[in-house]
Amino acid sequence: MRRTTLITLTAVSALALSACGGSDSDSGDGGSSADGGTTAVTVGVLPVPDTAAMYLGVDQGFFSDEGLDVTLQPTTGGAAAVPGVVSGTYDFAFGNYLSGMVAADTGLPLKYVTNATTATPESGFQAVVVPKDSPIQTPADLAGKRVSVNNLANINDTTIRGVVDADGGDSDDIEFVEVAFPDAVAAVTNGQVDAATVNPWTSSMEDEFRVITYNFTDYTEDLDIAGFFTSNETIADDPELVESFQTAMNKSLEFAQENPDEVRRIILTYTKLSEETVQELVLPVFRTEINRDALEELGKSAAEYGTIKEEPDLDTLLP
Amino acid sequence: MSARLSGPLLGLVGILLFLLIWEAVPRLGIVQERFLPRASTVLGRLVEYLGQQDFWTSVRETMVAWAVGLLISVTAAVVLGLVIGSSEFLRKATRSTIEFLRPIPSVALIPLAVLLYGAKLESSLLLIIYASFWQVLLQVMYGVADVDPVASDTARSYGLGFAARVRYVLWPTVLPYLLTGLRLASAVALILAITAELIIGSPGLGYQIGLNQAGGAVVEMYALIIATGMIGVLINFGVRFMERRVLSWHSSVRGELLA
């Protein structure tokens, strides 16, 4: 008697459990599914000015023109982008080129399909800054100092090291500290770090800070920063989807480059940056072609500094 | 009587003192105002939020994750707790597994959640369910173990069937434990809901906090943080209220009311 009731209870609980399991896995992933001529596409983005062209393209209907019904999935950190694409949660995602190189270096099968942002020629939307009264004057002076970057072993510490070494300093002696962009100003003001990588850099910050280097621009001329990537699986299974995305994204990039006011308008809709800050922003360059030479140099530096084990094969990584 | 009156009053004094110190710290320049805005500024912004649709949408997203996660974990934990707790064999067989799985912090599952679901509700649910499940399961198991053997034997010798024994012996013993577990789990579930939103970017208040932080909107960020705190207080208040209603017959509650 006791035994049978136990078995019944177990069976009931197993049923209840499987019912629970069903309810939270049924909404599924954002994979592409055609319905009525449009394809649903999920794109992982960061809610930062760098992704403005993507938001603008959706806003202007460039993606629906190509039959793509885009859902932008913003994440607060970049951590979700690569696993999200590899697992198929996102069809495409925004990521800087060094993140892609690191992922490829660990054997993850992904490939960039379009460019997203490129460093500006003279000044930059991002800078390594020190307080006005700091003894640090040149990039070489950063050796032996504490410098904040938003992510360790990524594009910022790699380019900063490149700049410092080119200036005659020894970048091995820099102590990089991970501080998120929003907290970097506080960290350098309070002396937790000697220099901070800040993004966005705006002219009103000149009252308090001095720019030591625009690390992207000073690292090498014409460096592309980030692009949109997808998995090799998507490229093999659905080349038409990739092509439509490329067409729409490239249209968006061109439109963004020609309409900076529109870019500023759209940034205000998806970030919480203040209107003043957005008006002061130095916008990145939005362009469709990717400067391979600069990225080859970046890959070399990354391998030299141990960010990645070996130089990336740009033929497989870039479109 | 006087003790009951001074309780809430003291609490109010404590909150006012805290707000006063908060107001003073940026005013005196101990911390720069752009990093820690004044309490009055933040509370003013919070009041503004209360009139905004977007704010309530975020609150709803967070509360849906909280409620659904809690419901699933409590249901599963009650059923499993009753089953495992009722059997000496199952208790022994699962003890080491539970002791191994339980201490794993739910936040350590963030990479798994990201991989499985990305920045969506499901990620929040995974973390919430995992964290709150153990709280309830253990309490239910303790509750089952606490059933008075004399009462149990008496019920059986009087010929009460299984269902009646569960209803009149097992359930009243387990209920206080279950409600303690529920109270712990409801707080943990809120923490994990906000964590998932903040770190992974699942929709909700936590995501808005992160977005405001990224945009340097410090006042808004603190206002939303206060809002999450207030939700926590409300949840705790609600669960305690329910506890008192459901357990009005229980000596712990009766004793509290008599004092």
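As a basis for the values below, the full set of heavy atoms in this structure was taken, side chains included, without hydrogen atoms, waters or symmetry mates. Letters go in sequence order (proteins before strands), and every chain restarts at 1.
The minimum heavy-atom distance linking A:T89 with B:L115 is given by the pair OG1-O, 3.9 Å. Residues A:P182 and B:A214 share a closest heavy-atom pair of CG-CA, 3.5 Å. Nearest heavy atom pair, residue A:P74 against residue B:Y207, reads CB-OH, 3.1 Å.
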Show your reasoning for whether side-chain contact (heavy atoms from CB on, under 4.5 Å) applies to B:L211 and A:Y270. CA-CA 9 Å; B:L211 198 59; A:Y270 68 88; over 6 Å; no
Take B:Q208 and A:K272 through the test side-chain contact (heavy atoms from CB on, under 4.5 Å) and record every step on the way to the result. CA-CA 9 Å; B:Q208 292 299 326; A:K272 301 283 178 181; 3.5 Å; yes
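Within 6.0 Å of OH in B:Y168 there are 12 or fewer heavy atoms belonging to other residues, nucleotides or ligands. By the neighbour-count criterion of 12 heavy atoms within 6.0 Å, atom NZ of A:K132 is densely surrounded, having more than that number from other residues, nucleotides or ligands. For B:F55, the CZ atom counts as densely surrounded, since its 6.0 Å shell holds more than 12 non-hydrogen atoms of other residues, nucleotides or ligands. Environment of CD in A:E208: crowded, with over 12 heavy atoms of neighbouring residues, nucleotides or ligands closer than 6.0 Å.
Contacts with chain B (heavy atom to heavy atom, under 4.5 Å) involve no residue of residues 192-203 of chain A.
Side-chain contact check for A:N190 and B:Q32: no donor-acceptor pair (N or O, by modelled atom type) lies under 3.5 Å.
Distance alone, capped at 3.5 Å, places no donor-acceptor pair between the A:S87 side chain and the B:L116 backbone.
A:Q73 is listed as a side-chain neighbour of B:K120, based on a closest heavy-atom distance under 4.5 Å.
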Would you give me the side-chain donor-acceptor pairs under 3.5 Å for residues 57-73 of chain B, sequence neighbours excluded?
unit_1 : atom_1 : unit_2 : atom_2 : d
B:T57  : OG1    : B:Q53  : O      : 3.0
B:S58  : OG     : B:D54  : O      : 3.3
B:E61  : OE1    : B:G204 : N      : 3.2
B:T62  : OG1    : B:S58  : O      : 3.2
B:T62  : OG1    : B:E197 : OE1    : 3.1
B:T62  : OG1    : B:E197 : OE2    : 3.2
B:T62  : OG1    : B:L205 : N      : 2.8
B:W66  : NE1    : B:S186 : O      : 2.9
B:S73  : OG     : B:G69  : O      : 3.0
B:S73  : OG     : B:L70  : O      : 3.1
B:S73  : OG     : B:S132 : OG     : 3.0

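Within the 4.5 angstrom heavy-atom criterion, no atom of A:T277 approaches chain B. In this structure, chain A has no heavy atom under 4.5 Å from any part of B:E220.
Partners of A:F181 by ring-ring contact (aromatic ring centres under 6.0 Å, His included), not counting sequence neighbours: none found. Legend: residues meeting salt bridge (Lys or Arg N to Asp or Glu O under 4.0 Å) with B:E33, ordered by chain and number and at least two apart, are B:R38.
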